[in-house]
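One structure is given here, and the rest of the page talks about it.
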Amino acid sequence: MYAGIVVDVPHVDTDRAFDYIVPDELAPWIQIGSRVSVPFGNRLLQGYVVQFKEQTELAKVKDIKEILDITPPLTGELVALGHWLSNTYICRLYSAMQVMLPASLRSQYKKKVRVTSEGQNQPLLLPGEREIFNYLGVHPDGVELDLLVRKFPEQTAFLLKAEREGWVETSQVVKDKITRKTLLYVKKKVKDEQIPGLVEQLSKQAERQKEVMLYLQDHEHPLALRDLLSELGISSSAVKSLVAKDWLELVEVEERRDPYANKKLEKDQQVEYTPEQQEVILEIDTALNAGEHAGFLLHGVTGSGKTEVYLETISHCLAQGREAIVLVPEISLTPQMVNRFKARFGDRVAVMHSRLSQGERYDEWRMIRDGKVSVVVGARSAIFAPFTNLGLIIIDEEHESSYKQEETPRYHARDIAMKRAQYHKGVVVLGSATPAMESYDLAQRGKLGLLTMVKRVGERPLPSTAIVDMREELREGNRTMFSRQLSQAIQERLQRKEQIVIFLNRRGFSTFVMCRSCGHSLQCPHCDISLTYHRNNRTVRCHYCGHAEVEPDSCPSCGSNHIRFFGTGTQKVEEELSKYFPGIRVIRMDIDTTTKKGSHEKLLQQFREHQGDVLLGTQMIAKGLDFPKVTLVGVIAADTILGMPDFRAAEKTFQLLTQVAGRAGRHELPGETIIQTYNPEHYSIQYAKTHDYQGFFSMEAKHRFEKGYPPFSRLILFTFSSPQVPLAIKKANDWAKKLRQTLPSSVFILGPIASPIPRVKDRYRFQCVLKYRNEKEVLPIVKKLSDAFVSQNKKDEVELAVDVNPQVLM
Ligand code: ADP
Ligand code: ZN
Ligand code: ZN
């Protein structure tokens, strides 16, 4: 018997399954999706089993060396998905397999198996089973998995079961330091009936002990010591005395590192659904019951109760015995959001986001794989949750660009959701107040069912939105960053002790040039996007086509010399706030203030407790947050994204402004949004003002259609990087030539041009963009060419990065 194994060799020539012999003693263990180590050259490498075969064409075949997990980390479905990922996103098979697993499974390490206390107390063991447990029993520090496997080759099925039941546990040695956490539990050693009599005997001073015993009376399950102590507000000395009396005992239990475990959960409120919610829930349920693959776009304004819809349909899915994945953007994975799921589904929910430690993430993942939970709420990578009976996949805020991974494999969670749901005959729901152009287009063409919720829960009005023309402010002599209207509104909120959110829309490295007198920003004459300012040679350039001009001294539109590159930081805004509103309490949330683990939550908590008057931040605060006392949302400069060299600039502006505006007045107090801009007439701003998604969509679709951008085409971005400019240019040119020769003439090939970020880590970058419509015609050719490129070129000389359906062209 042979196994085809995808091995961790960083080269395309080796990016396929290699045949290895499955040694007899490992045979029962090795399944599709198993992680193994195999000899390769003179090294030992990690790999994934992707197929079995009776025969091999190879003359010399080596043995699989070790098996690395008891339960295979990948399912058959995920292995197939890995192949699809590799072909669809043009990446190596091995990295496609890796990306589906938590980081701690990606590096090589030894695994040790230990018996748990629960395992030791299992009476019903067959002789062989008893043998393996006895063996483990005399090795309290654990036995290396490999050793165990070779010693007890017939016990596969049992060990699998034992791991699932929690009778044994595996831990990884050294490298990732994954260790189990244990927790002390309080257990009664006396019967409930005895308790009243016993507490009678206690002395008057032992009031606390009495309290503990009475509390534990009628408590069925063992209680975590720390929960008991915090519930009664006492120290552990009373419990210790009771242990000494032998009325209680403390037992150590392995704890799931649940980062939300000691947070108080809000009670799950059963609400009466609005007619719109009822209708949407009915549609999704019907699809779930049909047991056929279906996809929906849930277009619901902020506050229309989408999350309630998710919760309700998930519970229907679980009632069918199926599982659910909920994706929310990383930044909305606030305790608030997670609590709503925990409150409804309790222990059946796993949570996965990047602020968890590796160990915590591994624990959550293991709960999923072992079938101990049936819902996962998480950021992008949770889409790969190893469920085996998926019924429902929900992507909230589906337009968010964070669903696209910006490193290889550059997948989009939306595509993965569709693919997985097809396999499981499950339902996908994409939810948003401002759907991505691509998604709404699919809904318009009937490829996704369109569900709409236009009303806010409780008929609360959408906040009124005012647009302030900052050019006018300048003309009137106001040179501060706050318009008169915003200043006055802030003053009012401070007096009324209401809260304010101030949003600064700023992105990264790029600066664009805008006239502060008329709002005109410099545009490329060929591409309809903003030109970017290059400080070193004082030019402005187009990053799509390479058009360049010298930086103008005066505005080409109105002649004013108030033309300059643009960009303001949160820190600057904070300073200005303190200057103009003495005593104002500002909570600033940006990359600088939120790097520490937990700081994000802490700042939000402070704001919720009204320790700040203003929450000031970037994209981070744009969504998912729900504060009753916020009645004013101010946007400092709505134009910053409009100026980006990005064909999605208008879409992103509209989305952000609509989301931000949705923050105010979600509760009893009416809300107001003030948007400051130098482009008040731009359609993305005008439609955001009126919360008019359809209006925006039609207008934007017209522009995209004229320029042939998605959703009316597909794109692939190729980026060449090299420490040597001439080499990068030559390779990029050769590549473009090759593409022109091989691809059908219906495919547009733009470039090569210098990348918007022309140098990263001392490598010069050039790029080339494909515009095409037919995937089947293009992807296989591109895959073949890029494999050939990679095998002919050394990475340190020139590297090619392929981004299929890029979010940004840079
Ligand atoms: P969205 O996800 O569309 O922004 P949410 O589901 O968060 O909306 O709902 C907004 C608020 O309204 C939440 O506080 C939620 O608990 C509440 N809510 C949702 N549906 C109902 C309902 N049918 N009745 C009462 N309150 C509701
Ligand atoms: Zn001007
Ligand atoms: Zn251009």
Side-chain angles (χ1 to χ4, degrees), residues 265-285 296-316 324 326-345 349 375 377-379 392-400 403 429-436 439-440 450-463 499 501 604 607-608 621-631 633 655-671 673 688 691 693:
L265 292 181
E266 286 151 41
K267 282 261 153 34
D268 180 27
Q269 293 168 357
Q270 275 297 341
V271 292
E272 198 172 309
Y273 295 119
T274 65
E276 281 186 334
Q277 282 172 323
Q278 285 174 19
E279 202 164 308
V280 167
I281 290 167
L282 183 68
E283 288 253 12
I284 298 173
D285 277 354
F296 292 102
L297 175 63
L298 172 54
H299 177 210
V301 297
T302 36
S304 60
K306 294 186 290 296
T307 312
E308 284 308 320
V309 169
Y310 305 152
L311 291 166
E312 183 66 18
T313 49
I314 291 168
S315 59
H316 295 178
V326 186
L327 297 190
V328 301
E330 186 71 52
I331 44 183
S332 335
L333 264 170
T334 54
Q336 232 182 334
M337 177 76 172
V338 170
N339 281 348
R340 289 176 73 178
F341 285 86
K342 289 259 172 188
R344 181 75 59 99
F345 304 112
V349 186
V375 183
V377 182
L392 184 57
I393 301 176
I394 288 163
I395 304 187
D396 189 31
E397 310 282 4
E398 64 88 32
H399 61 277
E400 269 293 299
Y403 288 127
V429 178
L430 308 175
S432 176
T434 52
S439 305
Y440 203 76
L450 183 60
L451 309 171
T452 22
M453 302 205 297
V454 299
K455 293 201 189 97
R456 282 185 149 192
V457 170
E459 310 275 323
R460 264 168 230 133
L462 283 162
Q499 286 181 297
V501 167
L604 291 179
F607 189 59
R608 185 162 300 116
I621 60 168
K623 58 189 67 76
L625 312 176
D626 195 3
F627 300 103
K629 281 202 211 151
V630 170
T631 58
V633 172
Q655 285 166 346
L656 265 156
L657 294 181
T658 309
Q659 298 280 348
V660 172
R663 292 303 106 209
R666 309 238 310 174
H667 297 266
E668 282 69 36
L669 301 168
T673 302
H691 306 274
Y693 180 84

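Indexing begins at 1, ligand by ligand and atom by atom, following the structure's order.
For ligand 1, the polar-atom distance check finds an N/O of Gly305 within less than 3.5 Å of one of the ligand's N/O atoms. Geometrically, ligand 1 and Gly303 share a nitrogen or oxygen pair separated by less than 3.5 Å. Close N/O approach between Thr307 and ligand 1 is found [any backbone or side-chain N/O within under 3.5 Å].
A salt bridge links Arg344 to Glu308: at least one charged side-chain nitrogen sits closer than 4.0 Å to a carboxylate oxygen.
Within the listing of ligand 1, atoms 22 (C), 23 (N), 24 (N) sit less than 4.0 angstrom from a heavy atom of Glu272. Short contacts between ligand 1 and Glu308, defined as distances under 4.0 Å to a heavy atom of the residue, involve ligand atoms 6 (O), 16 (O), 19 (C), 20 (N). Counting atoms of ligand 1 from 1 in the listed order, those under 4.0 Å from a heavy atom of Val301 are 3 (O).
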Between Thr658 and Tyr693, is a side-chain contact (heavy atoms from CB on, under 4.5 Å) present by the stated rule, with each step listed?
CA-CA 9 Å; Thr658 309; Tyr693 180 84; over 6 Å; no
For a side-chain contact (heavy atoms from CB on, under 4.5 Å) check, start with the C-alpha distance between Val429 and Thr313, then their side-chain angles and the critical distance, and finish with the verdict.
CA-CA 10 Å; Val429 178; Thr313 49; 5.8 Å; no
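At least one heavy atom of Arg340 sits closer than 4.0 Å to an atom of ligand 1.
Under 4.0 Å from ligand 1, the heavy atoms of Val457 that appear belong solely to its side chain.
When every heavy atom of Asp396 is checked against every heavy atom of Pro329, the shortest pair comes out as O-CD, 3.8 Å.
The side-chain hydrogen bond (donor to acceptor under 3.5 Å, both in side chains) test applied to Tyr273 returns Glu312, not counting sequence neighbours. In this structure Thr274 satisfies the side-chain hydrogen bond (donor to acceptor under 3.5 Å, both in side chains) test together with Gln277, sequence neighbours excluded.
No donor-acceptor pair closer than 3.5 Å links the side chain of His299 to the backbone N or O of Thr434.
Counting heavy atoms only, Gln277 comes closest to atom 20 (N) of ligand 1 of the residues Glu312, Met453, Gln277, Glu276.
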